[in-house]
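Note sheet for the following structure.
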Amino acid sequence: MSVPFSDDDLTCDGFLDGALRIYQPSTGYRAATDPIFLAAACPAQAGQSVLELGCGVGTASLALGKRIADLRMIGVERQENYAQLARRNADNAALPLEIVVADLTTLSRHLTETFDHVMANPPFFATGDGTGAKDAGREAARREETGLSDWISCAKKRLKPQGWLTLIHIAERLPEILAALQAEKFGAISILPLQSRAGQTAKRVVIRARKLAKTPATLCPPFIIHAGAAHEKDGDDYSDAARAVLRQGAAINWP
């Protein structure tokens, strides 16, 4: 059982130029830019429902709620101490994010409704990759115990027909993700490479797919995060597109 965090264990960090304040552990898994890109990539509209699988402290869902009003939002998190922080962050943001404590493999015992959108940032590393993190919470967030195919299968079960799944992950695992999406009969798959700088290899990808759609897959032009060939001065050097997403909470414009 996870141990609740004390305030001494936490930092309160600003996202979206301070419009969103997030309590998160000072050591352990800490949200950075990935959940903001995930929220920006989700094509939700006002009045729709969104489920986030593995929501952590709620950063992605709350960033989405800041951009789009009148969403029904539920986050699923298996670590109780992170779920408690997600509830606290939702209360502080005055956003209606409901948190369900559950494992993906048994989610149907806790949640049976279907959603217009599912989004997720699954653990990047497969079991046995690397040495592992010393912090148990960080390790649980970064190294999978539930395979990528199970995440995608769970998402399909919780999506309405023609509902959208949005994922962010590391590029090296893209073949596994595409295989799982095809096995679950997702279509309209769009792949957006996230490049740190122009000309560099993309380390992250954002993937959007539609349940039961027949539209062919699309490889989008890369989204460039930083301007210039190198970081040359203090402060951020975000591209205009990245600054709009990370600072202003804008949506990613899919091609």
Side-chain angles (χ1 to χ4, degrees), residues 2 4-5 15-16 20-24 29 31 34-123 137 140-141 144-146 148 150-169 184 186 206-212 249 251:
S2 57
F5 296 109
F15 292 83
L16 308 180
L20 182 62
R21 306 294 298 180
I22 296 292
Y23 285 95
Q24 56 183 338
Y29 175 74
D34 284 352
I36 305 303
F37 281 122
L38 178 62
C42 179
Q45 299 179 15
Q48 292 186 326
S49 57
V50 182
L51 173 68
E52 184 182 0
L53 301 177
C55 70
V57 298
T59 311
S61 289
L62 296 175
L64 183 65
K66 281 288 186 182
R67 175 164 64 88
I68 304 169
D70 191 28
L71 289 178
R72 170 160 167 71
M73 299 187 297
I74 294 182
V76 175
E77 174 53 48
R78 69 173 183 168
Q79 300 184 84
E80 175 65 41
N81 51 358
Y82 282 80
Q84 290 174 1
L85 286 182
R87 294 187 186 103
R88 178 177 180 179
N89 289 329
D91 288 344
N92 288 344
L95 288 171
L97 173 61
E98 179 184 343
I99 304 298
V100 175
V101 179
D103 189 277
L104 299 185
T105 59
T106 59
L107 183 57
S108 59
R109 299 177 190 172
H110 307 270
L111 189 67
T112 58
E113 69 180 286
T114 54
F115 297 80
D116 298 297
H117 300 270
V118 172
M119 60 180 187
N121 179 10
E144 68 182 30
E145 294 180 17
T146 302
L148 277 172
D150 292 317
W151 282 75
I152 290 169
S153 177
C154 178
K156 180 185 177 182
K157 292 173 183 175
R158 298 275 69 84
L159 277 170
K160 297 177 181 179
Q162 300 297 312
W164 287 98
L165 169 62
T166 307
L167 298 170
I168 187 168
H169 217 283
E184 295 291 347
F186 279 90
V206 180
I207 302 138
R208 191 175 67 177
R210 198 167 199 177
K211 181 176 176 178
L212 303 178

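- A donor-acceptor pair under 3.5 Å is absent between the side-chain atoms of Q84 and the main chain of P4, judged by distance alone.
- Closest approach of C154 to L107, counting heavy atoms only: SG-CD2, 3.6 Å.
- D34 meets the side-chain contact (heavy atoms from CB on, under 4.5 Å) test with N121, F124, I168, R204; sequence neighbours excluded.
- Classification of the F5-Y82 ring pair by plane angle, with boundaries at 30° and 60°, yields perpendicular.
- Take E113 and apply the side-chain contact (heavy atoms from CB on, under 4.5 Å) test, not counting sequence neighbours, and it matches R72, I74, L111, F115.
- The side-chain contact (heavy atoms from CB on, under 4.5 Å) check on D103 picks up R78, T105, T106, T146, with sequence neighbours excluded.
- Considering all non-hydrogen atoms of both residues, A86 and G56 come closest at CB-O, 3.5 Å.
- Among all heavy-atom pairs drawn from A39 and A60, the shortest one is CB-O, 3.3 Å.
- Note that CG of L97 is 9.5 Å distant from CG of D91, once rounded to the nearest 0.5 Å.
- Applying the salt bridge (Lys or Arg N to Asp or Glu O under 4.0 Å) criterion to R88, with sequence neighbours excluded, gives D7.
- Taken to the nearest 0.5 Å, the CG atom of N92 stands 5.5 Å off from the OH atom of Y23.
- Here the CG atom belonging to D150 is positioned 11.5 Å from the CG atom belonging to L53, to the nearest 0.5 angstrom.
- Inter-residue side-chain proximity for H169 and L148 is flagged as met; some heavy-atom pair is nearer than 4.5 Å.
- A distance-only check finds no donor-acceptor pair linking the side chain of H117 to the backbone of L159 [under 3.5 Å].
- Nearest heavy-atom pair across P43 and W164 is CG-CG, 4.0 Å.
- The side chain to side chain donor-acceptor pair (under 3.5 Å) pairs that include a residue from residues 57-67 are E52-S61, where partners are two or more places apart or lie in different chains.
- The two residues V76 and A102 come nearest to each other via the heavy atoms CG1-O, 3.6 Å.
- Not a single donor-acceptor pair under 3.5 Å links the side chain of T166 to the backbone N or O of R208.
- The minimum heavy-atom distance between A63 and I36, with the atom names listed, is CB-CD1, 3.8 Å.
- With contacts defined as side-chain heavy-atom distances shorter than 4.5 Å, the pair I152/L167 qualifies.
- By the side-chain contact (heavy atoms from CB on, under 4.5 Å) test, A83 is found to be paired with E77, R87, I99, V101, residues two or more places apart in sequence or in another chain being considered.
- Without hydrogens or angle criteria, N89 side chain to I22 main chain gives no donor-acceptor distance under 3.5 Å.
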Q. Would I68 and Q48 satisfy side chain to side chain contact (heavy atoms under 4.5 Å, CB included), going step by step from the backbone distance to the final call?
A. CA-CA 10 Å; I68 304 169; Q48 292 186 326; over 6 Å; no
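- Using a 4.5 Å heavy-atom cutoff, the side chains of L212 and Q162 are in contact.
- Proximity of a side-chain donor or acceptor of K211 to a complementary backbone N or O of G163 within less than 3.5 Å is not detected.
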